[in-house]
Engineer: 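So that we are looking at the same thing, I have put the structure below in structure tokens.
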Amino acid sequence: TANARRIENWYSSEYDADAPRADADVVGDRIVEFDVNGNILWSWDTFEHLDLNRIGYGTFDAYWHVRGFPGHWDWTHGNGVTYDTRDDSVIVSLRNQDAVIKIDRESNEVRWILGTHDDWAPEFQDKLLTPIGDVTWPSHGHNPRVTPDGTIVMFDNGILQARPFRAAPKSPNETFSRGVEYEIDEENMTVRQVWASATELSDDSCNSFAMGDTHRLPQTNNMLVIYTICLARREGLQYDTFSLEPHVNEVPTHTRIREYTRTDPPEVVSEIIVRDDSYILQWQVYGGLHVESLYPEPTVDDR
């Protein structure tokens, strides 16, 4: 849930660490579990458990200004949450923290953090997963899910690929999106990247700056990846909503839905493109599922 607070002496820029501080209205996230009657059974508040001094690129975009919170800044931007039945835990994706976090439901403590190790406060250092082999951290990713094998699949939008005050963000033309699967060893606090739909920028790449989805299909073991917003390569495009250059949300886009083999390298099994042939309108597909049929099996009583 969107969760707003007034924060004293907070940042005023994500590009200049020395910019004057000011009191600010900030939106974080609260994860809430309800029973069937709407009673709250459990909740977890980012303001109470994470470091307010850790911000990400996108914090000062106007995202909440047009969603009922005018003048508010976007601190965590939670965009996916799932329950892990194996150990009574909750896994959440926080886009502007460039992190997926696992939370113990009983103690409310963070169990691990999947993401770049930059800028975490000392109390989180032992929660950071150590990469084994070639691991690319998710950057502004979406929708983590637990597979039957206990791995994590998610959509990695892959944008920006930098942290405030450390490096300038990459431009839209320099980044690409992908489906990705991580294997986490909680005992040793390590992570391996066991599959990805792409590992480098190419002519086939899709840059989806928002949303997106990845599923491991249970019968074929293939991977279904929904690229919500595929941008055309265009000079001058910006992610910054206050830039005078064209914003990525102001240009025509299309959606790409692909099924891949879970192999290295992956092979494309099928593909659906949703677009305006004149390339004037934006098309965006928020998510997707693989179903056996759009039509139910007929029964004796069907007329």
Engineer: Determine whether more than 12 heavy atoms belonging to other residues, nucleotides or ligands lie under 6.0 Å from atom CH2 of Trp120.
Structural biologist: yes
Engineer: For the pair Tyr63 and His77, evaluate ring-ring contact (aromatic ring centres under 6.0 Å, His included) and give the outcome as yes or no after the intermediate values.
Structural biologist: CA-CA 9 Å; Tyr63 181 84; His77 197 119; 4.5 Å; yes
Engineer: Donor-acceptor pair, distance only, cut-off 3.5 Å: does the side chain of Glu259 make one with the backbone of Val225?
Structural biologist: no
Engineer: Which residues pass the side chain to side chain contact (heavy atoms under 4.5 Å, CB included) test with Glu267, not counting sequence neighbours?
Structural biologist: Thr261
Engineer: Taking the six-membered ring for Trp and the single ring otherwise, decide whether the centroids of Tyr227 and Phe155 are under 6.0 Å apart.
Structural biologist: yes
Engineer: Does the side chain of Thr214 come within less than 4.5 Å of Val180's, by heavy atoms?
Structural biologist: no
Engineer: Less than 4.0 Å between a side-chain N and a carboxylate O, is that true for Arg216 and Asp149?
Structural biologist: yes
Engineer: Could you report the tightest heavy-atom contact between Val146 and Ile152, atom names first, then the distance?
Structural biologist: CG2-CD1, 3.9 Å
Engineer: Side chains of Val274 and His254, heavy atoms from C-beta outward: is any pair under 4.5 Å?
Structural biologist: no
Engineer: Restricting to non-hydrogen atoms, name the atom on Ile226 and the atom on His215 that form the minimum distance, rounded to 0.1 Å.
Structural biologist: CD1-CD2, 4.2 Å
Engineer: Report yes or no: does Thr59 contribute a side-chain atom to a donor-acceptor pair with the main-chain N or O of Gly56 at less than 3.5 Å?
Structural biologist: yes
Engineer: Report the C-alpha distance between Ser93 and Asn79 in whole Å, list the side-chain angles of each, state the deciding distance to 0.1 Å, and finish with yes or no for side-chain hydrogen bond (donor to acceptor under 3.5 Å, both in side chains).
Structural biologist: CA-CA 6 Å; Ser93 171; Asn79 57 27; 2.9 Å; yes
Engineer: Keeping Asp98 on the side-chain end and Ser139 on the backbone end, is there a donor-acceptor pair under 3.5 Å?
Structural biologist: no
Engineer: Between Thr255 and Ile257, is any pair of side-chain heavy atoms under 4.5 Å apart?
Structural biologist: yes
Engineer: Determine, for Asp104 against Arg111, whether the closest basic-nitrogen to carboxylate-oxygen distance falls under 4.0 angstrom.
Structural biologist: yes
Engineer: Do Asn39 side-chain atoms and Phe34 backbone N/O form a donor-acceptor pair below 3.5 Å?
Structural biologist: no
Engineer: Salt-bridged, Glu186 to Lys102, with N to O below 4.0 Å?
Structural biologist: yes
Engineer: Where does the angle between the aromatic ring planes of Trp73 and Phe242 fall among parallel (under 30°), tilted (30 to 60°) and perpendicular (over 60°)?
Structural biologist: perpendicular
Engineer: So does Asp134 pair up with Arg192, basic N to acidic O under 4.0 Å?
Structural biologist: no
Engineer: Can you give me the closest heavy-atom contact between Asp185 and Glu187, atom names plus distance?
Structural biologist: OD1-N, 3.1 Å
Engineer: Tyr182 versus Met154: any side-chain heavy-atom pair under 4.5 Å?
Structural biologist: yes
Engineer: Please step through side-chain hydrogen bond (donor to acceptor under 3.5 Å, both in side chains) for the pair Asn108 and His49, ending with a clear verdict.
Structural biologist: CA-CA 8 Å; Asn108 286 334; His49 296 282; 4.6 Å; no
Engineer: Is there a side-chain contact between Phe209 and Asn249 in this structure, where contact means two heavy atoms from C-beta onward sitting under 4.5 Å apart?
Structural biologist: yes
Engineer: His72 side chain to Phe69 main-chain N or O, any donor-acceptor pair under 3.5 Å?
Structural biologist: yes
Engineer: Quick one: side chain to side chain contact (heavy atoms under 4.5 Å, CB included) partners of Asp118, sequence neighbours excluded?
Structural biologist: Thr116, Arg163, Arg166
Engineer: Apply the side-chain hydrogen bond (donor to acceptor under 3.5 Å, both in side chains) test between Asn157 and each candidate in Arg178, His140, His142; give the one that qualifies.
Structural biologist: His142
Engineer: I need the single residue from Val27, Asn3, Leu50 that forms a side chain to side chain contact (heavy atoms under 4.5 Å, CB included) with Trp75. Which is it?
Structural biologist: Leu50
Engineer: Would you call Met223 and Glu181 a side-chain contact if the rule is heavy atoms closer than 4.5 Å?
Structural biologist: yes
Engineer: Tell me whether Asp45 is salt-bridged to Arg5, with the criterion being a basic N under 4.0 Å from an acidic carboxylate O.
Structural biologist: yes
Engineer: Checking side-chain contact (heavy atoms from CB on, under 4.5 Å) for the pair Ile31/Val92: CA distance, chi angles, key distance, verdict?
Structural biologist: CA-CA 9 Å; Ile31 306 168; Val92 61; 3.9 Å; yes
Engineer: Can Asp204 and Arg258 be counted as an ion pair, charged N to O under 4.0 angstrom?
Structural biologist: yes
Engineer: Please tell me whether Tyr57 and Phe165 form a close aromatic pair, meaning their ring centres lie under 6.0 Å apart.
Structural biologist: no
Engineer: Walk me through it: do Asp87 and Ser89 pass the test side-chain hydrogen bond (donor to acceptor under 3.5 Å, both in side chains)?
Structural biologist: CA-CA 6 Å; Asp87 56 8; Ser89 63; 2.6 Å; yes
Engineer: Taking Glu174 for the side chain and Ser171 for the main chain, is one N or O donor matched with an acceptor at less than 3.5 Å?
Structural biologist: yes
Engineer: Within a radius of less than 6.0 Å around CG of Leu244, do more than 12 heavy atoms belonging to other residues, nucleotides or ligands occur?
Structural biologist: no
Engineer: Where do Arg262 and Trp195 come nearest, in terms of heavy atoms and distance?
Structural biologist: CA-NE1, 3.5 Å
Engineer: State whether Trp10 and Arg21 meet the cation-pi test: NZ (Lys) or CZ (Arg) under 6.0 Å from the six-membered ring centroid, and within 45° of the perpendicular axis.
Structural biologist: no
Engineer: Of the non-hydrogen atoms in Tyr279 and Thr253, which two are nearest, and what is the gap between them?
Structural biologist: OH-CA, 3.9 Å
Engineer: Please determine whether side-chain contact (heavy atoms from CB on, under 4.5 Å) holds for the pair Ile7 and Asp23, giving the CA-CA distance in whole Å, both sets of side-chain angles, and the decisive distance to 0.1 Å.
Structural biologist: CA-CA 6 Å; Ile7 306 299; Asp23 294 351; over 6 Å; no
Engineer: Restricting to non-hydrogen atoms, name the atom on Tyr286 and the atom on Thr228 that form the minimum distance, rounded to 0.1 Å.
Structural biologist: O-OG1, 3.8 Å
Engineer: Who passes ring-ring contact (aromatic ring centres under 6.0 Å, His included) against Phe176, sequence neighbours left out?
Structural biologist: none
